[in-house]
Structure formats: structure tokens, C-alpha cells
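Structure record follows, encoded as C-alpha cells.
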Amino acid sequence: MPSFPVDISRQLTPGHPTWPGDPDFRVEPQARIARGDSVNTGEIRTSTHTGTHVDAPWHYDDAGRRLHEVPLGTYIGRCRVVSVQGSGEPLTLEPGALAGLPDTLPPRVLLNTGQPAHWEEFPTRFTALSPAFVRELARRGVQLIGTDGPSVDPLTSKTLDGHHACRETGLLILEGLNLSGVPDGEYDLMCLPLPLAEMDGAPARAVLLPAGTLDGLNG
Ligand SMILES: Nc1ccccc1C(=O)C[C@H](N)C(=O)O
Ligand SMILES: [Zn+2]
Ligand SMILES: [Zn+2]
């Protein structure tokens, strides 16, 4: 029995790795009481895709919705954490990975692919989602896919087939979760992306609550 809330966000430590080519994640001290300022403050610089974050559809589709156009309820409500294993090279999930799971799934599924709790370096080896896998999740009622990997497509993909399968099926994407040590099962997800208007995505805080806690909210 985990202790709730279970924090499934990655700690944004100085030097947290970012997607290759994205700006370094930086946290810099600004005001310091120890230097005579009245308060302590800091400055952060981050890619919108660092650590635990959501992708707005506009990230991979110029006609897609931007972050402020995605209803917050997408990220709040019943979810299921599922351990899955990819196959092939690059590691990819196919529909068979869902064998043994019910034909109807909650609106949110979080995929535990075995990524560690902390990334010392950017994980170049992670599990991608095939379009067939995405379509099968959509068929089972899923509306939000979360993964502990940094992307739903392989690192070197230019075609972003997994992302586009999500676009075609209306599925939204949450990436970079920390699901290390989280038992499979049903929970309520509460994930709140930073309210960055007009953006393509945003870092988010995500926690799990006992299933049913949020009953009464939509979805
Ligand atoms: N930041 C990037 C720069 C160039 C190319 C891809 C990315 C990504 O972020 C891809 C990843 N699929 C993501 O959604 O986080
Ligand atoms: Zn992203
Ligand atoms: Zn993505």
C-alpha cells in the first residue's frame, strides 16, 4: 500500500537532462537574504519538454490545440498504472503488450516501462509506442496516455508515428513520469501542467491518489 499522494513527477534538480538540442535546464539563485536581500528568489530556464511534462497537440501538429486549449480535466481523474514491456529495436510497444488487461480501460493509462526514478543522463534507450498500440488503447476507452519515457516515439524518429496516432485518435500525452516502485493498479491521477498560455506543452506536477478520491468530478 503506497503512501498517498504518490508523487510521480521527476525532481527538477540543477542539470536535469533535456531532450538533445533543447536548452539546458537551469536554476539560478537571484535574491538572497544572506546577501542582504529581503527574500530568496530564483530564476529557472527550461524546455517545455523537460522532466515530467505534457504535450499539447500543437507540439506535433501545426493545426493542433495549444496548451491553454486543452481542458485541465484531461489530466485529472481515474487512471490505471500498467507495467508493459516493449520488443524489438528500438524498443516498441505493440497491442500484444496489453494481453490480460480488460477490454475497457479507465480514461487514463500510465505506462510503466521500467525507467529509473532519476535520470543522470538523458535516457537514449526507452520504450516507444507503435500506432497500433495507441489505436488499441483508444479502442479500449483511453483518452490520456502517460509514459515514464521521455517520448512516445523513438529518439531519432522524424515521422513521430506514435504522436500522430495519438492525434488521429484524440489521445493526449503525458511524458517523463516517475513510476519507479509504483504498484500496478487503479488510482486517481491529478496532474497540473504549468499554465503556459499558447505553448506546445509544459512541465507538470503529477500525483496519484487512491482510486475514487475524485469521484464526483467528471471522468
Ligand atoms: N524537444 C524536442 C526537440 C526536437 C525534437 C523533439 C523534441 C521533443 O520534445 C520530442 C518528444 N517527443 C517530446 O514530445 O517530448
Ligand atoms: Zn514532450
Ligand atoms: Zn511527446
Side-chain angles (χ1 to χ4, degrees), residues 8-13 15-26 44-72 74-75 79 84 86 89-93 108-116 118-119 121-135 137-138 142-179 189 191-206:
I8 54 169
S9 338
R10 292 182 180 277
Q11 290 269 310
L12 291 172
T13 48
H16 190 287
T18 52
W19 190 270
D22 278 9
D24 288 342
F25 176 77
R26 290 201 335 220
I44 55 175
R45 182 168 95 145
T46 184
S47 162
T48 41
H49 298 268
T50 293
T52 305
H53 71 277
V54 306
D55 286 1
W58 187 62
H59 175 52
Y60 43 88
D61 172 14
D62 245 352
R65 284 175 294 168
R66 302 202 190 194
L67 186 60
H68 67 283
E69 296 167 323
V70 177
L72 206 46
T74 305
Y75 307 110
C79 79
V84 283
E89 197 58 53
L91 271 175
T92 305
L93 289 165
R108 302 163 195 82
V109 162
L110 309 183
L111 303 168
N112 186 346
T113 70
Q115 285 290 330
H118 182 71
W119 289 332
E121 281 173 15
F122 190 82
T124 50
R125 190 178 155 77
F126 58 86
T127 306
L129 279 52
S130 71
F133 179 84
V134 171
R135 285 194 288 269
L137 282 178
V142 176
Q143 295 162 22
L144 174 76
I145 301 183
T147 173
D148 57 356
S151 180
V152 298
D153 279 298
L155 186 64
T156 53
S157 172
K158 294 285 176 247
T159 51
L160 301 179
D161 301 336
H163 283 82
H164 287 296
C166 289
R167 176 175 58 79
E168 284 155 19
T169 51
L171 274 162
L172 284 148
I173 303 171
L174 168 57
E175 295 168 327
L177 291 166
N178 168 17
L179 294 171
L189 171 70
C191 169
L192 300 173
L194 287 180
L196 301 175
E198 306 288 339
M199 295 300 279
D200 53 279
R205 192 68 179 259

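In listed order, ligands and their atoms are each counted from 1.
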Just to be careful: counting only protein atoms that are N, O or S, how many fall under 2.8 Å of the Zn ion (ligand 3)? 4

Ignoring hydrogens and angles, state whether a donor on the side chain of D161 or T159 is under 3.5 Å from an acceptor on the partner side chain. yes

Value for CD1 (I173) from CG (D153), rounded to nearest 0.5 Å, stands at 8.0 Å

Distance col, row I145:CD1 vs Q143:CD, nearest 0.5 angstrom, shows 11.5 Å

If you count every heavy atom of other residues, nucleotides or ligands that lies below 6.0 Å from E198 atom CD, does the total exceed 12? yes

Flag the pair P17 / E121 as yes when at least one side-chain heavy-atom distance between them is below 4.5 Å, and no otherwise. no

With heavy-atom distances below 4.5 Å as the criterion, would you say the side chains of S47 and W19 are in contact? no

Taking atom types as modelled, find out whether H49 and D200 have a side-chain donor-acceptor pair closer than 3.5 angstrom. yes

Any carboxylate oxygen within less than 4.0 angstrom of a Lys/Arg side-chain nitrogen, looking at R10 and E175? no

When you compare the side chain of F126 with that of T147, does any pair of heavy atoms fall below 4.5 Å? no

By chain and number, the residues contacting ligand 1 below 4.0 angstrom (heavy atoms only) are W19, D22, H49, H53, D55, H59, P150, S151, H163, E175

